[in-house]
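Below: the structure, in structure tokens.
Count residues from 1 along the sequence.
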Amino acid sequence: MSGWDEGAVYYSNQAQFTEASSEAEAAAASTTASRHSILLKFKEFIRNFEKEKNVFPYRESLVNNPKFLTVHLEDLLSFDSDLPSLLRSSPSDYLPLFETAAAEVLAGLKMKVAGDSGEMVEPQKGEVQILLTSKEDPVSMRSLGAQYISKLVKISGITIAASRIKAKATYVHLICKNCKSARAVPCRPGLGGAIVPRSCDHVPQPGEEPCPIDPWLIVPDKSKYVDQQTLKLQENPEDVPTGELPRNMLLSVDRHMVQTIVPGSRLTIMGIYSIFQASNSSTNHKGAVAVRQPYIRIVGMEETNEASSRGPATFTQEEVEEFKKFASNQDTYEAICSKVAPSIFGHEDVKKAVACLLFGGARKNLPDGVKLRGDINVLLLGDPSTAKSQFLKFVEKTAPIAVYTSGKGSSAAGLTASVIRDSSSREFYLEGGAMVLADGGVVCIDEFDKMRPEDRVAIHEAMEQQTISIAKAGITTVLNSRTSVLAAANPPSGRYDDLKTAQDNIDLQTTILSRFDLIFIVKDIRMYDQDKTIASHIIKVHASAQTVSNDSRTSKEENWLKRYIQYCRSECHPRLSEAACAKLQSDYVDIRRGMRQQANETGESAAIPITVRQLEAIIRLSEALAKMKLSHVATEGDVAEALRLFKVSTMDAARSGINQHINITPDMANEIKQAENQIKRRLGIGNRISERRLIDDLTRMGMNESIVRRAILIMHQRGEVEYQRERHIIVRK
């Protein structure tokens, strides 16, 4: 070990680096020159790009709105073919250059202003944000990989969360705690931070203490800031492969794009695919220094309107001509209804109602700011195996936007919106539920009766006012949920019981029933001829299933119907004609009079109330029928068909079941009284017995089974007996 600390001289031959350093200086000089030439090109583009003769869109836009400028990459390509490729390959280098060019052009366009001394001086050079947009197709969120890092990408999806606004420093003001010298350090844009130097470059005077390592203190008051917000973007439901979970992507927006997006909006964004060091990743990945989280720094954003939410919104000239030719036919209504769920036999009126739901009425904005919904809500209530869920699945496939959910597995937060705490920042943010994500489309809720009542109450506001109000965890906001609701439910006893009144069969609150425009009671009627026809239809469907799957004609038809619905919803907003208004008014008054007369005769109100909401429902149905034919006026014929649909659905449901005051002769009343006495004698107060066993016991005593059932029903309505689990009866009085 001797000699390990002997004095020695170590040197490095600097001459070998002279050639390399001169090359680096030359490259830097050429880069500076090329950046300057590109800056001049950007300035020339903003000043001199002409859309038409003597129309300078970007120059005019900059003068009218000096805060930001939206640039189409196609315009940039037509002006100079190199600029878009530079922006795509290294946007973080050339986008700040573009913004500098826009700020300089804006300063040149402004007039001179009077300074403090009264002299005319050049105006202050402000900051201009450049927003990029392009007509190219978005890439899939799943295909974003390492090859896209620091490149310009375009993706689409649904916003599911938005954070609060934060202040992001662009320049951090530092001060040395020893010598008090100051300097400004630029911050990396997006979620990147500032690189603070380790040492101070102050040269100490003789006798002065040198500055230590890490001497810098941050002065927040003198730093420069911009607004920043983080969003979470989820894949569109139609883009998620079967069996996979939807992917999320973190987005960062700043300056003038903050607070422009609410959760549930469908977006198409352009941004720079970047990486950042997550704050909690050090605990998860010990020693994984090189692992970074991806995010996208948005440089351009457009909201997808409801017509173009799935597939392209633009229709070719051939398609438009085909749609108009189809709409001009006499049997358009029947042709559309035949395309609705063709694999289901019968249920013609339900198919017509579903067609009306898919097309929807016209949304109206009144002068005082009140918005009237145009979406139609339909409830299918009835026996098992009557193709209710098949209708829901068909609508999910056919509607431009649709979300399918089951009542038992859905909570109030899952349907409306939930407040979630971010694991890294520990702050709360909103995630939209099914009703928010399906904004502008249809929500299909199966097993509607199995939902907990408190969860069902949560969708009241969404069904009528078409908004969802949130006041949780310090977040108070209103989300849009302009959706139609198609719900399927079973009666409380599983099957529809004709021996019960409508109130007992439709075990839903009046408040939710009045929000449904059409309520269909779907019964499984046992008739020989009908059963034979249905059986042959189902066997035929199963037998020809393999050949249909090979044929792409059905998928083309489905796609055609979806495109036609999109076209009608975007192009046509019908209104009622005067004659139709007069007819509707007289018919509505007649319906109300009839319901009042029925209530007076029976002594109890109908299970389904007929209110002004039902009048609005008939108006919406009339508009939907007109929209199918691309007509801008709903005629008397449309109103007549809407009234017929309303009568065969909601009115029949209100009158369904039996009532204890109807069809009871004196002899029958006497027999029912005897049966009631026998039931009370057979059962003591508080005792339980199976309904089937009680009926068998009384029929063995010589009583008629239907009379016994009627007696139990009447006692149940009076509250003397009540049903418990598994059809057990318990006597209360």
Look up atom [atom1] in [X] and atom [atom2] in [Y], then write down how far apart they are to the nearest 0.5 Å.
{"X": "Asp349", "Y": "Lys647", "atom1": "CG", "atom2": "NZ", "answer": "13.5 Å"}
{"X": "Gln229", "Y": "Met257", "atom1": "CD", "atom2": "CE", "answer": "10.5 Å"}
{"X": "Asp638", "Y": "Lys627", "atom1": "CG", "atom2": "NZ", "answer": "13.0 Å"}

Has [X] got more than 12 heavy atoms of other residues, nucleotides or ligands less than 6.0 Å from its [atom1]?
{"X": "Gln465", "atom1": "CD", "result": "yes"}
{"X": "Lys67", "atom1": "NZ", "result": "no"}
{"X": "Gln330", "atom1": "CD", "result": "no"}
{"X": "Glu578", "atom1": "CD", "result": "no"}

Look at [X] together with [Y] and state whether they make a salt bridge at an N to O cut-off of under 4.0 Å.
{"X": "Arg563", "Y": "Glu319", "answer": "yes"}
{"X": "Arg88", "Y": "Glu136", "answer": "yes"}
{"X": "Arg363", "Y": "Asp375", "answer": "yes"}

* Report the C-alpha separation of Leu643 and Val639 in whole Å, then their side-chain angles, then the decisive distance to 0.1 Å, and conclude whether the side-chain contact (heavy atoms from CB on, under 4.5 Å) test is met. => CA-CA 6 Å; Leu643 275 163; Val639 170; 4.0 Å; yes

* Worked check of side-chain contact (heavy atoms from CB on, under 4.5 Å) between Phe42 and Phe79 -> CA-CA 10 Å; Phe42 279 138; Phe79 184 80; over 6 Å; no

For the student: nearest non-hydrogen atoms of [X] and [Y], plus distance:
{"X": "Glu235", "Y": "Asp239", "answer": "OE2-O, 4.1 Å"}
{"X": "Leu233", "Y": "Gly157", "answer": "CD1-C, 3.8 Å"}
{"X": "Ala579", "Y": "Glu636", "answer": "CB-OE2, 3.4 Å"}
{"X": "Ile261", "Y": "Ala162", "answer": "O-CB, 4.5 Å"}
{"X": "Asn377", "Y": "Arg515", "answer": "ND2-O, 3.2 Å"}
{"X": "Asn236", "Y": "Ser156", "answer": "ND2-OG, 3.6 Å"}

* Asked: So do the side chains of Phe391 and Phe520 get within less than 4.5 Å of each other, counting heavy atoms only?
  ->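 Counting from C-beta outward, Phe391 and Phe520 never come under 4.5 Å.
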
* Asked: Does the side chain of Arg373 come within less than 4.5 Å of Asp517's, by heavy atoms?
  ->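 Of all side-chain heavy-atom pairs linking Arg373 with Asp517, at least one is under 4.5 Å.
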
* Is the Phe326 ring parallel, tilted or perpendicular to the Trp560 ring (thresholds 30°, 60°)? ->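 Correct class here is perpendicular.
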
* Asked: Relative to the ring of His256, is the ring of Phe68 parallel (under 30°), tilted (30 to 60°) or perpendicular (over 60°)?
  ->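 Tilted.
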
* Asked: Just checking, any donor-acceptor pair under 3.5 angstrom between side chains of Glu641 and Tyr333?
  ->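 Short answer, yes.
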
* cation_pi(Lys393, Tyr404) dist<6.0 Å, angle<=45 -> yes

* Asked: Is the backbone N or O of Cys444 less than 3.5 Å from a side-chain atom of Glu396, with the two atoms forming a donor-acceptor pair by type?
  ->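 Absent.
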
* Positive for side-chain contact (heavy atoms from CB on, under 4.5 Å) with Leu132, one of Leu69, Thr70, Leu95 -> Leu95

* To do: Assess whether side-chain contact (heavy atoms from CB on, under 4.5 Å) is satisfied between Leu152 and Ile272, documenting all intermediate values.
  => CA-CA 5 Å; Leu152 202 62; Ile272 304 166; 4.3 Å; yes

* Given the rule in the side-chain contact (heavy atoms from CB on, under 4.5 Å) test, do Phe45 and Val71 qualify, once you have shown the distances and angles that lead to the verdict? -> CA-CA 10 Å; Phe45 166 73; Val71 176; 3.8 Å; yes

